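As structure tokens, the structure follows; a few thoughts come after it.
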Amino acid sequence: MFKKSFVFAALALVGAAFVPVITPNPYYIHLVETIMIYSILLFGLDIVVGYTGQVSLGHSGLFGIGAYTVGVMFMKLAAPLWLILPTSILVTAFFGAILALPALKVSGPYLAMVTLAFGTIIQILINEMTFLTEGPLGVKIPKPQIAGIKLDERDFYWLVCLMLALSLLIVHRILRSHLGRAFEALRGSPVASDCMGVSVYRYKVYAFVISAGFAGLAGSLYAYSEQYISPNTYNFELTVLFLLAIIMGGRKTRSGAILGATIIVLLPKLLDDIEIFRIVATLSCALIALGALVGLMKKWLTLNAVLVPVIGTFCLAVFSYQLENITDWRLSIFGLMILFVVYYLQDGIIGFMNKLLAAQKALSDQKALGLQETGLASKGQQENAFNPNWAASSTSPQGSELLVAKGVLMQFGGLKALNQVDLVVKRGEIHGLIGPNGSGKSTMMNVLTGIYTPTSGDIDFKTQTVIGKTSSEIALSGIARTFQNVQLFGEMTALQNVLVGLHHTFKSNLLDVALSTSRYQHEDLDATHRAYALLEFVGLGDLALEQARNLPYGKQRLLEIARALALDPELLLLDEPAAGLTAPDIKELISIIRKIRDHHITVILIEHHMDVVMSICDTVSVLDFGQKIAEGKPLEVQSNEKVIEAYLGGSAA
Ligand code: ADP
Ligand code: MG
């Protein structure tokens with residue numbers, strides 16, 4: 001899907017490059033130019049909105065900063081284009097980092113408000129700092145020169161084409177790299193990202209900075225394109241339009257961004273002219289009716305699903321012929337369209353079309369699908385030949401202390417979820433942690449992985465304290481985990497999920513990724529092999545390309561283990577891995593945990609299934625009401641009076 005969208009976008013770009021050849025009309029050339037400039041901004045905005053799942057209403061402010069960097073550098077320094085463009089990108093990227101700061105603290109509607117305030121402040125600053133920006137008067141900027149030759153409208157158009165092509169390539173490379181996966185992981189599960197060593201903090205800032213860089217480029221091209229900039233342009237309406245473009249076009253696709261840009265540039269023009277509006281309303285009514293008819297006949301859609309859109313567009317078409325003049329209705333019609341898209345096309349237009357295509361494909365060629373699956377399976381077999389070199393080569397002797405927790409107290413208000421708990425985990429062991437529901441087992445894991453900071457007590461891992469370290473630092477120091485409530489990155493494939501776990505193996509930076517250097521390619525290939533090997537290890541080799549959210553529950557749990565192993569951990573924490581699994585799945589799980597131990601990885605296992613605990617644990621600690629009430633070999637613990645009373649109850653007796 002990702003590739004296809006890139007190809008569509010590239011084709012659209014090639015088409016656009018020919019526009020000045022086909023029509024000399026400067027109006028149309030300028031229109032397409034604006035669409036391309038907006039597309040560059042939307043590629044960037046999509047990183048923040050579509051991938052990391054943050055809201056930004058500050059992008060018109062960033063766009064303005066890009067434009068005004070051109071204005072100021074031209075006016076005050078008469079700087080040339082080759083200096084202005086990169087400076088503009090860097091300056092805007094810097095402001096992107098500032099815009100990211102609130103995103104680290106708040107999210108959702110609060111973030112929307114704060115970013116909106118950012119945009120407004122930028123607009124006011126541009127307006128007020130007359131010594132720099134000429135204030136409301138605005139700045140006139142002629143078309144730039146390259147090597148002493150002044151570009152005309154057409155030359156500049158091609159420059160924009162070139163910049164769009166470059167942006168497309170770079171954004172494509174970023175998003176398919178480990179950086180893109182980190183952004184996507186943030187949206188899928190911030191907690192899991194942190195526990196995979198992908199710092200949510202850092203990658204949120206990265207996303208805003210990269211996104212702002214594109215906004216800066218777009219803003220500076222816009223300044224040259226319009227040849228005049230003034231503060232009013234970078235207002236609230238523009239920022240909402242940008243967000244709408246992503247929603248309508250469809251997030252997480254490049255073609256969606258281009259389509260979104262086309263819509264927001266053309267829609268206002270469309271709603272200016274009643275004649276054109278009538279034609280478009282009639283056409284969309286006919287198209288939707290036709291689509292609904294086909295959908296009903298092929299049984300892709302239900303009558304209920306198509307009724308409202310068909311009647312709605314029909315009424316809109318009839319209404320358009322009743323109207324004398326459209327200006328008064330512009331905003332209402334605009335609003336209605338938005339409502340329609342948000343309600344019916346939640347993945348945007350491109351997302352909707354992709355879904356339709358997928359549904360059609362699934363229906364029409366089951367056979368081809370079967371073939372594909374066997375193809376995948378044989379690929380999996382091949383990958384199996386790779387040596388899974390993730391196994392921690394522990395240099396310290398088996399049986400020495402790996403993790404020592406002393407007097408851990410975790411208080412939530414008045415509740416002591418953990419009360420003076422001591423825990424010593426020895427290298428190479430499978431250490432069971434059991435206890436009734438609510439006894440503090442998961443809290444212990446959260447404390448060990450830095451999700452909670454204990455109220456008091458010490459925790460040393462490999463003789464270094466973990467207290468005060470962030471989750472991602474702890475993860476990188478060698479503690480990996482799974483979650484009681486599965487925390488996968490749902491929209492990503494099984495393979496990509498594991499690749500997020502392998503994020504730590506990438507040393508490539510943004511430049512390596514953008515230029516696709518051999519260092520990056522090498523790391524990417526290596527990580528892919530390792531990810532396949534890990535998937536094979538937990539028996540998911542042939543589901544590598546399946547979206548995580550579509551996997552059956554048992555497989556999701558196994559995938560979480562594979563992802564955790566990708567961290568190359570010395571200590572693996574498993575929080576009720578067998579919960580919700582069928583008997584054969586549990587058997588498989590036990591054998592996988594044994595294999596993990598054979599690779600010298602120490603395991604802490606929280607489990608309710610006593611047969612699992614008793615069969616594989618070397619030591620078992622028992623918690624009750626936040627206190628450790630017993631510890632020892634499984635058999636000893638099983639016959640301990642206190643444990644029977646607190647936990648095993650009558651069943652053990
Ligand atoms: P277990 O995993 O053993 O079933 P937990 O560790 O999840 O138990 O919970 C232990 C106790 O701590 C429960 O009473 C739970 O309600 C409480 N608890 C856990 N996390 C929080 C939190 N973030 N805020 C308040 N109470 C919590
Ligand atoms: Mg729990």
Side-chain angles (χ1 to χ4, degrees), residues 189-196 200 401-425 429-461 464-475 477 479-487 557 560 564 569 571-580 602-610 612-613 617 619-632 637 640-649:
S189 166
V191 177
S193 303
D194 262 330
C195 290
M196 288 301 113
V200 169
E401 289 171 353
L402 179 64
L403 181 96
V404 181
K406 273 202 202 101
V408 176
L409 173 72
M410 183 75 233
Q411 210 155 352
F412 296 110
L415 173 81
K416 287 180 177 161
L418 291 174
N419 192 356
Q420 305 298 334
V421 177
D422 297 328
L423 189 70
V424 175
V425 178
E429 286 201 339
I430 297 180
H431 193 117
L433 191 59
I434 63 172
N437 272 329
S439 58
K441 306 179 297 292
S442 296
T443 304
M444 189 68 192
M445 290 224 161
N446 290 337
V447 165
L448 293 181
T449 51
I451 292 171
Y452 298 152
T453 309
T455 318
S456 67
D458 289 325
I459 300 169
D460 287 349
F461 174 66
Q464 302 242 317
T465 183
V466 304
I467 297 195
K469 286 190 184 170
T470 63
S471 292
S472 63
E473 284 166 348
I474 294 173
S477 76
I479 304 184
R481 67 169 294 174
T482 65
F483 296 84
Q484 184 171 354
N485 310 310
V486 176
Q487 295 277 345
R557 287 210 168 272
E560 253 201 337
L571 177 63
L572 175 66
L573 314 184
L574 300 173
D575 197 347
E576 302 200 18
T602 312
V603 178
I604 299 183
L605 174 68
I606 295 182
E607 198 36 76
H608 269 309
H609 291 76
M610 274 311 122
V612 177
V613 175
C617 289
T619 311
V620 178
S621 302
V622 189
L623 289 179
D624 190 28
F625 290 113
Q627 282 177 312
K628 192 167 81 175
I629 55 166
E631 191 167 65
V637 168
N640 183 308
E641 287 286 319
K642 274 194 198 159
V643 177
I644 293 170
E645 194 181 318
Y647 182 70
L648 298 170

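Just so you know, these numbers come straight off a predicted model, no measurement behind them.
- Of the possible donor and acceptor atoms, one in the side chain of Arg557 sits under 3.5 Å from a partner among the backbone N and O of Ala579.
- Rounded to the nearest 0.5 angstrom, His609 NE2 and Ile434 CD1 are separated by 13.5 Å.
- Val637 places none of its side-chain heavy atoms less than 4.5 Å from the side chain of Val613.
- For Arg481, the side chain to side chain donor-acceptor pair (under 3.5 Å) partners are Asn446, Thr449, not counting sequence neighbours.
- Looking only at side-chain heavy atoms (C-beta outward), Glu429 and Leu402 stay at 4.5 Å or farther from each other.
- Residues meeting the side chain to side chain donor-acceptor pair (under 3.5 Å) test with Ser442, sequence neighbours left out: Gln484, Asp575.
- Under the 3.5 Å distance criterion, the side-chain polar atoms of Lys441 are left unmatched by any main-chain donor or acceptor of Leu623.
- With sequence neighbours excluded, the residues that form a side chain to side chain donor-acceptor pair (under 3.5 Å) with Lys628 are Glu631.
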Could you list the donor-acceptor pairs under 3.5 angstrom formed by side chains in residues 417-424, with sequence neighbours left out?
| unit_1 | atom_1 | unit_2 | atom_2 | d |
| --- | --- | --- | --- | --- |
| Asp422 | OD1 | Gly407 | N | 2.6 |

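- Considering only heavy atoms from C-beta on, Leu448 stays 4.5 Å or farther from Val466 through its side chain.
- In plain terms, the two heavy atoms of Met196 and Ala564 that are nearest each other are CE-CA, 4.1 Å.
- Residues passing the side chain to side chain contact (heavy atoms under 4.5 Å, CB included) test with Ser472, sequence neighbours excluded: Asp194, Ser199, Thr470.
- Phe461 meets the ring-ring contact (aromatic ring centres under 6.0 Å, His included) test with no other residue; sequence neighbours excluded.
- Between Ser471 and Val200 the shortest side-chain heavy-atom distance does not fall below 4.5 Å.
- With sequence neighbours excluded, the residues forming a side chain to side chain contact (heavy atoms under 4.5 Å, CB included) with Ala192 are Ser189, Phe483, Gln487, Phe489, Arg563, listed by chain and number.
- Atom NZ of Lys469 is surrounded by more than 12 heavy atoms from other residues, nucleotides or ligands within 6.0 Å.
- Residues Ser621 and His431 bring a donor and an acceptor atom of their side chains to less than 3.5 Å of each other.
- Residues that satisfy the side chain to side chain contact (heavy atoms under 4.5 Å, CB included) test with Ala630, not counting sequence neighbours, are Val622, Asn640, Val643.
- Listed by chain and number, the residues in a side chain to side chain contact (heavy atoms under 4.5 Å, CB included) with Thr455 are Leu409, Met410, Gln411 (sequence neighbours excluded).
- Annotation: ring-ring contact (aromatic ring centres under 6.0 Å, His included) contacts of Phe412 (sequence neighbours excluded): Tyr452.
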